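Below is one structure, written out as structure tokens; the observations come after it.
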Amino acid sequence: MRSDIRVRIAPSPTGPLHIGTARTALFNYLFARHTGGTFVLRLEDTDVARSTAAFEKDILDGLHWLGLTWDEGPGVDGREEQGPYAPYRQMARLPEYAAAAERLLATDNAYPCYCTPEELDADRTAQEARKLPPRYVGRCATLTLEERAAREAEGRRGALRFRVRPGVVGWNDIIRDRVEIDTSNLGGDFVIVRADGTPLYHFTVVVDDMAMAISHVIRGEDHVSNTPKHILLFQALGYEVPEFGHLPLILNPDGTKMSKRKSQTAVADYIAQGFTREALVNYFAFLGWSPGTEEEVFTLEELGRRFDLEKVQKGGARFDRERLEWLNGQWIRRLDDEELIARLFPFLEAAAAAGEIGRMPTDDELRALLPIVRERIPTLASLPELVGFLWTDDLSVDPAAIVPRRWDAGTTHDGLVAAREVLAAHDAVTWEADELEPPLRDLVEARGWKAGDLFMAIRVATTGKTATPPLFDTLVALGRERTLARLDAAIASLSAPAGA
RNA sequence: GCCCCCAUCGUCUAGAGGCCUAGGACGCCACCCUUUCAAGGUGGAGAUCAGGGGUUCGAAUCCCCUUGGGGGUACCA
């Protein structure tokens, strides 16, 4: 399925990949996949002061990691950028903007403005004082050619302003239907090229969207009020105006626009915390959209099949981490063994490097463990916390913690001694969960104990934790020697004189 | 201030005039399962569909007003 539909995500490398950017990228991607269109990635790096190569890499890598691969745009991992409309980074497209600016100047749709920042500031404060909306006063709007020449002769370089004429600009937004805005609310003639010659966002975005034949501009709702400027520019440049669709914003839990201050916004942080790409994509998609059925768990591919831009919600959606975690659990349960092991590995390496575990488990150890840990890890990063005791040798357990609620230290001591004896009777061959359990249950019965109490004492003695995967599977993973050694250590700590 | 947008359980949402005594999911509570923790199962609490006017035989769904919330108001993107 091919179509002329072309959409783009145009991140600015002035910060790490933001959740909002990822979500907008996802919706563009899904729209492209659903319609057989083309998904373009363009870097908007004209804010030279704030753009960095590191941020650019973080953004590209992050989108790539999420699986939001672009059909045209810069390469990842040192690959060449590709596509018929290269280059795809704005600082490499300066001649295009210069040519477009020249055309606007020639047609008098734009003019040079020599106002100083001080003058502009003064204008703004005066307007605010009179409770008027800030807008450019038009000081340079009517300068004659001679006056402009005189200023240039003084060595002054003008910024380029676009003329905003009276009228109403409207469009049929794919998501919010008809929107109309009177141009008198645009703040007057706006700057499209800085005095230093670098072009500004509102200008480059239009020139590039036209040059790259973008048919649908799908972006955040925060751009609704900028859209008239863009439409005016498209028209002044003689371009066909694309379709627009403004997505609802992702909100902080308090309902304001998502910010670093109140939420974790960097995709890299979610990756580092062990969220899967499947869960993140699944969650983002459901922030503002739903398939209209009661299904909840979707792959990126399924989302592409079902996605419908017109069914996107209009109101903003608060970010709910609990729901993301639930979805992450859903996806961890769905990953196949080898995939899960591969994804767990980096997190184990990180834990080892941080000294949280003493050594790295092998693939086989991990594989054997999967059945009992899979449903107990909300994130890929939480495995060391769950069963790290398997890979650390110096386990120090507080004797008091070993004593179950209903038992005293003496009973616990006796219980562990008896349990140790029963367990020691097994050799390596019968060291299996279903072999270990029956004799211990017999022991409990013979002594009139409660299974839960003995099991809890063994659990804490051998793992140092009160919450673990099923006890006997855990002991098997731990191995006969270590289990007995840890029981010995616990017994010894319980027989030490009180207060010693 | 001005402009624009939005409005269904705490949260994400289903709902395109009668199928709605408003459905699902997350979270919460209870029970079941159970050696702990999870997972899973069952059930429950939770929304007078922001409020008020219309239109209509009939409105969560259409219109208006009010209120509330959000976004934008740069030689940032």
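Note that the structure is a prediction, hence the values are computed from the model and not measured.
Aromatic ring centroids of Phe27(A) and Phe307(A) lie under 6.0 Å apart.
The existence of a salt bridge linking Glu295(A) and Arg306(A) is confirmed by a sub-4.0 Å separation between a basic side-chain nitrogen and an acidic carboxylate oxygen. Using a 4.0 Å cut-off between charged side-chain N and carboxylate O, Asp254(A) and Lys262(A) make a salt bridge.
If you take atom C1' in C28(B) and the same atom in G10(B), they sit 10 Å apart, rounded to whole Å. Between U55(B) and C64(B), the two P atoms lie 15 Å apart (nearest whole Å). Taking atom P in both A22(B) and C49(B), one finds a spacing of 10 Å when rounded to whole Å.
Between Gln330(A) and C26(B) there is no side-chain polar atom (N or O) within less than 4.0 angstrom of OP1 or OP2. The side chain of Arg323(A) contributes no N or O atom lying less than 4.0 Å from OP1 or OP2 of A25(B). Residue Lys257(A) places at least one side-chain N or O under 4.0 Å from the OP1 or OP2 atom of G72(B).
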Contacts table for residues 224-234 of chain A: side-chain donor-acceptor under 3.5 angstrom, sequence neighbours left out:
unit_1: Asn226(A); atom_1: ND2; unit_2: His223(A); atom_2: ND1; d: 3.1
unit_1: Thr227(A); atom_1: OG1; unit_2: Arg219(A); atom_2: NH1; d: 3.1
unit_1: Thr227(A); atom_1: OG1; unit_2: His223(A); atom_2: O; d: 3.0
unit_1: Thr227(A); atom_1: OG1; unit_2: Val224(A); atom_2: O; d: 3.4
unit_1: Thr227(A); atom_1: OG1; unit_2: His246(A); atom_2: NE2; d: 3.1
unit_1: His230(A); atom_1: ND1; unit_2: Arg219(A); atom_2: NH2; d: 2.8
unit_1: His230(A); atom_1: NE2; unit_2: His202(A); atom_2: ND1; d: 2.9

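Pro470(A) comes within 4.0 angstrom of a base, heavy atoms only. At a threshold of 4.0 angstrom between heavy atoms, the contacts of Glu294(A) are confined to the sugar-phosphate backbone, with no base atom among them. No contact: His246(A) has no heavy atom under 4.0 Å from any strand. Among the protein residues, Thr293(A) comes within range of no part of the nucleic acid, since none of its heavy atoms lies under 4.0 Å from any strand.
A cation-pi geometry, defined here as NZ or CZ lying under 6.0 Å from the six-membered ring centre and within 45° of its normal, does not hold between Arg323(A) and Tyr283(A).
With RNA chain B read from its 5' end, the first of the two nearest nucleotides for Leu386(A) and Thr14(A) is the one closest to Leu386(A).
Between Leu340(A) and Leu380(A), some side-chain heavy-atom pair lies under the 4.5 Å cut-off.
The partner of A7(B) is U67(B), by the rule that a Watson-Crick or G-U pair needs both atom distances under 3.5 Å.
Contacts between residues 185-201 of chain A and RNA chain B, defined by a heavy-atom separation below 4.0 Å, involve Asn185(A), Val191(A), Arg194(A), Ala195(A), Leu200(A), Tyr201(A), listed by number.
Remark: the Arg176(A) side chain and the C5(B) base include no donor-acceptor N/O pair separated by less than 3.5 Å.
A donor-acceptor pair under 3.5 Å links the side-chain atoms of Asp336(A) to the main chain of Glu339(A), judged by distance alone.
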